[in-house]
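See structure below.
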2 protein chains.
Amino acid sequence: MSLTYAPRMKEQNYKLDAVETIPPGKKKIIDALKALLEKKEFDTITTAEIAQTAGVSEALIYKYFKDKRDLLYVVLRDYLDEYLARFESDLKGIEGHLNRIRRLIWMHIHVYASNRVMAKILSLVVRGLPDFYASETYDWIVTVYARRVLNVIEEGIRSGEIRSDVPPKFIRQVLLGSLEHICLREVIFDKEIDPDELTENLCKLLFRGIENRDNPQAT
Amino acid sequence: MSLTYAPRMKEQNYKLDAVETIPPGKKKIIDALKALLEKKEFDTITTAEIAQTAGVSEALIYKYFKDKRDLLYVVLRDYLDEYLARFESDLKGIEGHLNRIRRLIWMHIHVYASNRVMAKILSLVVRGLPDFYASETYDWIVTVYARRVLNVIEEGIRSGEIRSDVPPKFIRQVLLGSLEHICLREVIFDKEIDPDELTENLCKLLFRGIENRDNPQAT
DNA sequence: TAGAATTAATTAGTAACATTCACTCACGGT
DNA sequence: ACCGTGAGTGAATGTTACTAATTAATTCTA
């Protein structure tokens, strides 16, 4: 959940429970948007609807959030926090750097397959909202998630399992771009996603490339 | 330009010039939006602004276009037609199927580099508009452009230069996803794009994969 | 060439919706 | 008893996409 920001308790653990308590109205609003997003597109959801679903007044939304979009970014951040927890625990104890990448790919796809709301927000909605790129949530994605993916790649390079003649950041871009795009149609049209099959194919391509090594007339 | 749809002239070429003549107001509106998109985001542009720039009334927009978004899709389609023409002529006479893919990659990146308006519409705006996927423009992208890319891949497979154990459509997804994502940050933040450098790196990865072939302890 | 018919364009709204403003209520501390 | 603060609300407002009714211009045909 983590609706509060990093605790960062100074000195002793001082009134641990009340470090930053969340007002009931705020939580109700967040949950209301989450619920509505299960059934409707973000921009067909009105602030009136959110308020009604939450059982609060419309104006309260603007007490806790800069605007309707800001609320969306908080909801997204919430989902992302939840994902990262699983991410880290799932990556633990995987041996071999290519195996770690395979695992990362599978998890990324699996999250898109199982949390369609989050997948849609990320792939479809937020991308076209210019102020997203000034939000805390975007910052988190760049400084936490994208950096983590980069680490996995860099470790692979250091180990010698991954080639070192392409910049790790470039590899990351290709990886993340492929991941998003292979799920895109399914996310848009609400089709089933098969993480195992997609992972299998993406690893084939990403690890070994499209070139046919058995080609008699080699390049 | 092709503001008219496919001519498809039946019988003889019958009044060739006037097959479907475009009203001046319609063209003015399209050009107005194009001009405005050079300076502003799509959803900060109002219909009033478009009409004013075009020198027509606001209501005229709705004579020629279903709504504001529909107008955008027509503008996009216009840019795409222009691109495809260059695409086909540039691809002509390239020998070797991997070379053709390299050329395709370079052209795609180059268009993103040189037509930022189109790149933004495609990567950022249109994606989040649900009715885009019911538009003629989306249909065109799928049935013309995406199919053309698929052809290039399939020819490569048939020739033996490209591996055949990954579905060609999957290869296309990875290719298009990578292309979009390696330009994404630059498109969002209006940074320079270097087609040569990006093409070089993407081909390295896509053709040969990330695996280090010189790795002593091979997998 | 008159005038019917069709196409181009405009004027003047309207309804929806995000956002804001000024205000009330509850309550913990002194 | 009262001040300060945080939670919450009701009612208004301005913006904006979109529409209905109408007029102007152009093309077609007798």
Side-chain angles (χ1 to χ4, degrees), chain A residues 3-5 14-15 17-33 36-37 40-75 125-126 128-132 134-135, chain B residues 3-5 14-33 36-37 40-75 121 125-126 128-132 134-135:
Chain A
L3 297 169
T4 61
Y5 296 143
Y14 178 66
K15 268 187 177 178
D17 242 347
V19 172
E20 191 167 342
T21 189
I22 177 171
K26 184 170 182 180
K27 183 164 168 33
K28 278 196 260 174
I29 290 167
I30 292 172
D31 290 343
L33 181 56
L36 287 167
L37 282 168
K40 304 186 62 181
E41 304 282 344
F42 176 65
D43 25 46
T44 71
I45 297 169
T46 67
T47 50
E49 222 171 344
I50 296 168
Q52 200 191 344
T53 307
V56 301
S57 71
E58 225 173 315
L60 193 64
I61 295 169
Y62 296 88
K63 270 273 136 68
Y64 296 122
F65 308 97
K66 217 165 53 51
D67 50 32
K68 194 186 150 193
R69 272 162 281 127
D70 185 47
L71 165 59
L72 180 70
Y73 306 150
V74 171
V75 165
V125 186
V126 123
L129 304 177
D131 60 2
F132 173 65
S135 72
Chain B
L3 296 170
T4 62
Y5 297 144
Y14 178 66
K15 269 187 174 176
L16 192 84
D17 243 348
V19 174
E20 194 168 341
T21 189
I22 178 170
K26 185 171 182 180
K27 184 164 167 36
K28 279 196 258 172
I29 290 166
I30 291 172
D31 290 343
L33 181 55
L36 287 167
L37 281 168
K40 302 186 65 181
E41 304 282 345
F42 176 66
D43 24 48
T44 70
I45 296 170
T46 67
T47 51
E49 219 170 345
I50 296 168
Q52 199 192 344
T53 307
V56 301
S57 71
E58 220 174 320
L60 195 64
I61 296 169
Y62 295 89
K63 267 269 137 63
Y64 296 121
F65 307 97
K66 219 166 50 50
D67 49 32
K68 193 186 151 194
R69 271 161 281 128
D70 185 46
L71 166 58
L72 179 71
Y73 306 151
V74 171
V75 165
I121 299 174
V125 185
V126 121
L129 305 177
D131 60 3
F132 173 65
S135 73

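Source: prediction; values computed, not measured. Letters A, B, ... are given to chains in the order of the sequence lines, protein chains preceding strands, and every chain is numbered from 1.
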Under 3.5 Å, which N/O atoms of the protein pair with N/O atoms of nucleotides 17-20 of chain D?
unit_1 : atom_1 : unit_2  : atom_2 : d
D:dA17 : OP1    : B:Lys68 : NZ     : 3.2
D:dA17 : OP2    : B:Thr47 : N      : 2.8
D:dA17 : OP2    : B:Thr47 : OG1    : 2.9
D:dC18 : OP1    : B:Arg69 : NH2    : 3.3
D:dC18 : OP2    : B:Tyr62 : OH     : 3.2
D:dC18 : OP2    : B:Lys68 : N      : 3.0
D:dC18 : N4     : B:Glu58 : OE2    : 3.3

| A:Leu60 CG - D:dG6 C1' separation (whole Å) | 11 Å
| request: Report the residues that fulfil side-chain contact (heavy atoms from CB on, under 4.5 Å) with A:Ala48, sequence neighbours left out, ordered by chain and then residue number. | output: A:Thr46, A:Glu58
| request: Respond yes when some side-chain nitrogen or oxygen of B:Tyr64 is under 4.0 Å from OP1 or OP2 of C:dA9, and no when none is. | output: yes
| note | Separation of D:dA7 atom P from A:Lys28 atom NZ, nearest Å, is 13 Å
| Tell me, do B:Lys26 and B:Ile29 make a side-chain contact under 4.5 Å, heavy atoms counted? | no
| request: Please identify each residue that fulfils salt bridge (Lys or Arg N to Asp or Glu O under 4.0 Å) with B:Asp67, with sequence neighbours left out. | output: B:Arg69
| field | Whole-Å distance separating the CD1 atom of A:Ile29 from the P atom of C:dA18 | value | 14 Å
What pairs of nitrogen or oxygen atoms, one from the protein and one from nucleotides 24-29 of chain C, lie under 3.5 Å apart?
none

| request: Sequence neighbours left out, what passes ring-ring contact (aromatic ring centres under 6.0 Å, His included) with A:Phe132? Give chain and number order. | output: A:Tyr73, A:Tyr138
| Can you name the nearest heavy-atom pair linking A:Tyr64 to A:Gly25, along with the distance? | CE1-C, 4.4 Å
| query | Heavy-atom distance under 4.5 Å between the side chains of B:Leu71 and B:Ile50, does that happen here? | reply | yes
| message | If I compare all heavy atoms of B:Gly128 with all of B:Pro130, which pair ends up nearest, and what's the gap? | response | O-CD, 3.2 Å
| field | Residues forming a side-chain contact (heavy atoms from CB on, under 4.5 Å) with A:Val125, sequence neighbours excluded | value | A:Phe42, A:Leu72, A:Leu129
| task | Go through the structure and list residues passing side-chain contact (heavy atoms from CB on, under 4.5 Å) with A:Lys66, not counting sequence neighbours. | result | A:Asp70
| request: For DNA chain C, list all stems, counting runs of three or more consecutive pairs where every pair is Watson-Crick or G-U wobble with both distances under 3.5 Å. | output: C:1-30 with D:1-30
| request: Please examine the side chains of B:Leu33 and B:Leu37, heavy atoms only from C-beta on, and report whether any two atoms are closer than 4.5 Å. | output: yes
| note | Those residues at least two apart in sequence (or on a different chain) that pass side-chain contact (heavy atoms from CB on, under 4.5 Å) with A:Lys40 are A:Thr44, A:Ile45, A:Glu49
| field | For atom NZ of B:Lys27 and atom C1' of C:dA9, their distance in whole Å | value | 18 Å
| How long is the line joining NZ of B:Lys63 and P of C:dT11, in whole Å? | 13 Å
